[in-house]
Structures are given as structure tokens and as C-alpha cells.
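Reading through the C-alpha cells given below for one structure.
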Amino acid sequence: MDINALIYFQTVAKYENMSRAAETLHISQPALSKSIAMLEEYLGVELFDRNGRSIKLNRYGKFFLERTNLILKEIERAKEDLTNLVTPDVGEVSLGFMHTLGLEVIPSLMMKVKKRFPHMRFQLTQSNSSVIMKKLEMGELDICLVSSLETSKDVHWEKLWEEELFLIVPKQHPLKNRKKVKLAEFAKEPFISIKKGNSLRKYVDEIFKREGFQLNVAFEGEEVHTIAGLVESGLGVSLIPHIKGLDQYNVHIIQVDAKDCKREIGLSYLKNRYMSGAVKQFIEYVREFFY
């Protein structure tokens, strides 16, 4: 059995018509019929129910078609990876990143990497850190730009840069005129927090714990802009990075006098997973871009 036999079977299964399949494959109908018969003999089971000149995929054929689709897809991926090894800058990279990086960091990175590697293609996935890391561990992504999280031992993470976290308060808040405050001055106030599972929540929890306080969570949101909107409405205060567009909200941004009031962001990839030449090139470019 060779690859052509699988392609022939896949096409016949698609049309359930020998004449149409033969025409699509540009081979004679007798040659196609012989190939299907030899495949069935090799497998030891008939894949089609035959009634005169009519054929229909049976349950064994449906089972084998699922496996055939996976095999042919893997062969295509292998072929593409081999091409990438020879000409890395034309390959495809699947990149995952946190929501906040999609505002400024990722657009800037993509704009500059396309100048260096104009033919490199990207699949971009944006979500919170825990979702992104799960996709990485499942092999759905090649590389991630995320904050450090607890992951499996197979995941490599390396720091690229730090982001300071600032207190944001409504315009009429008592601390509005302060340039710097201690965490104790706002620790017991209603806090607008990112939901658990997000790396920013992990860092904020750790900061409060180090200072001897616990978050007084009033509301939880999915994104930082949602948090800023809730603070603007006077529903509480929050700790967030100085993201693009934050100045558009009617809030005061205040520096916090606390140890390590920041979060670290880095790149992650699976240690033992095969990497195409394009992915390796992109990882090196990311290091160069942020260092």
C-alpha cells in the first residue's frame, strides 16, 4: 500500500462514484477500481457496499476514512516542515499571546518581523495565559508570549521583559492627587480584578499576600479594558499595567510603593516538540526584538 492508494480511497469515499473519482484523479476507471480492490485485499475488509455500479461507503470504510484523513494530513505537515527546513522564512508559525499584548506589542512585533521575513506566515491566537498555555501543551501552538505560570516540566519559559503594575482609581477618589501610594492605603477597598486563571490575577494575589493583605474582590472581568471601565464608574480600584488606551478612561494612574509590583512576560514553547526552521527563526527574532 502506498500514499496514492490512500488518496484514491479518500477521493472515491468523497464522491461514492468511481467514474467521477477517476475523472478527478485523472486516471482510468479500471485502474482506480483495481487500486481500491487491492487496498481492500490488503486490509482484509471491504470498504464499500456495492450494488451493481453503485457504491456506498460502509461502516468499515467510514472508520478507515477517518484514519486516512489523519495520515494524509500528517504527511502534508511533514512535507511543509521539510520545506521549512530548507527555506525557513517561508514557513508558518502559530503564536499565542495574552489579551493585553494584542493592543500594542503584537502589532509592533508583526510589523517588524514581516520586514525581516516577508514570506513567513502566522496564525495568531489571543486569550488569557492559562488557555494559551493549555493550547501550547496540546500542541496547537508553536510559541506563546505570556506571563509565567505553573506549567508542566515539558514547557520552557524564559523572561523577556517586565511590566510595572499601577493603581488606577476613579477621578473623585481620595488618592487622586497622589503620585505614589503604599498598598496599605487602598488594600481594603473594593477591588476590580481580572478573573482567576489569568496571569495578572496571579501576580496581584502574590503582591497583596507579600504585603500581608487579601483582595477584597468586588467585581471580576475578562480584560483589562473592562477593569478600567468599571473603575471609571466608581465601583472600585485595581492594579493593572499601563496598557495602550488607558489614558482614554476617566481614571487616575498612580505608582505603588510595594516590592515587585510588576509582572514578568516571556516566551514559552515545548522542550521536546519538533520545531520547523520557521519557528526556530521566529523564536530567535523574538529574543532579539525584546532584549
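- With 3.5 Å as the limit, one finds a donor-acceptor pair spanning the side chains of R263 and T100.
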* Asked: Is there a side chain to side chain contact (heavy atoms under 4.5 Å, CB included) between L39 and F64 once you walk through the steps?
  -> CA-CA 11 Å; L39 177 62; F64 188 65; 4.0 Å; yes

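- Side-chain contact between E264 and W157 is present, with at least one heavy-atom pair separated by less than 4.5 Å.
- Looking at heavy atoms from C-beta onward, L167 lies out of side-chain contact with R178 at the 4.5 angstrom threshold.
- Classification of E74 and R77 as a salt-bridged pair holds, one side-chain N sitting under 4.0 Å from a carboxylate O.
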* Step by step, would you call D142 with R273 a side chain to side chain contact (heavy atoms under 4.5 Å, CB included)? -> CA-CA 9 Å; D142 294 313; R273 183 187 177 192; 3.4 Å; yes

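- Partners of E158 under the salt bridge (Lys or Arg N to Asp or Glu O under 4.0 Å) rule, at least two apart in sequence or in another chain, are R287.
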* Asked: Is there a side chain to side chain contact (heavy atoms under 4.5 Å, CB included) between S94 and T125 once you walk through the steps?
  -> CA-CA 8 Å; S94 56; T125 300; over 6 Å; no

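- A salt bridge does not link K271 with D154: none of the charged nitrogens is closer than 4.0 Å to a carboxylate oxygen.
- In this structure, K176 places its NZ atom where more than 12 heavy-atom neighbours from other residues, nucleotides or ligands lie under 6.0 Å away.
- Every pair passing side-chain hydrogen bond (donor to acceptor under 3.5 Å, both in side chains) that includes a residue from residues 13-22 is listed here, sequence neighbours excluded: S19-Q29.
- Using bins of under 30°, 30° to 60° and over 60° for the plane-to-plane angle, the ring pair F290/W161 lands in the parallel bin.
- Remark: R67 is positioned above the aromatic ring of F63, its terminal NZ or CZ atom under 6.0 angstrom from the ring centre and at most 45 degrees off the axis.
- Within 6.0 Å of atom NZ in K56, 12 or fewer heavy atoms from other residues, nucleotides or ligands are found, so the atom counts as exposed in its surroundings.
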* Run the numbers on L200 and M98 for side chain to side chain contact (heavy atoms under 4.5 Å, CB included), then give the verdict. => CA-CA 10 Å; L200 178 56; M98 304 183 302; over 6 Å; no

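- Taking 4.5 Å as the limit, every side-chain heavy atom of C144 sits out of range of all side-chain heavy atoms of L95.
- Ionic pairing of K202 and E206 is present here: one or more N-O contacts between side-chain nitrogen and carboxylate oxygen are shorter than 4.0 angstrom.
- Side-chain contact between V237 and F191 is present, with at least one heavy-atom pair separated by less than 4.5 Å.
- Other residues, nucleotides and ligands place more than 12 heavy atoms under 6.0 Å from the CD atom of E164.
- Under the rule for a salt bridge (Lys or Arg N to Asp or Glu O under 4.0 Å), the partners of D260 that lie at least two apart in sequence or sit in another chain are K262.
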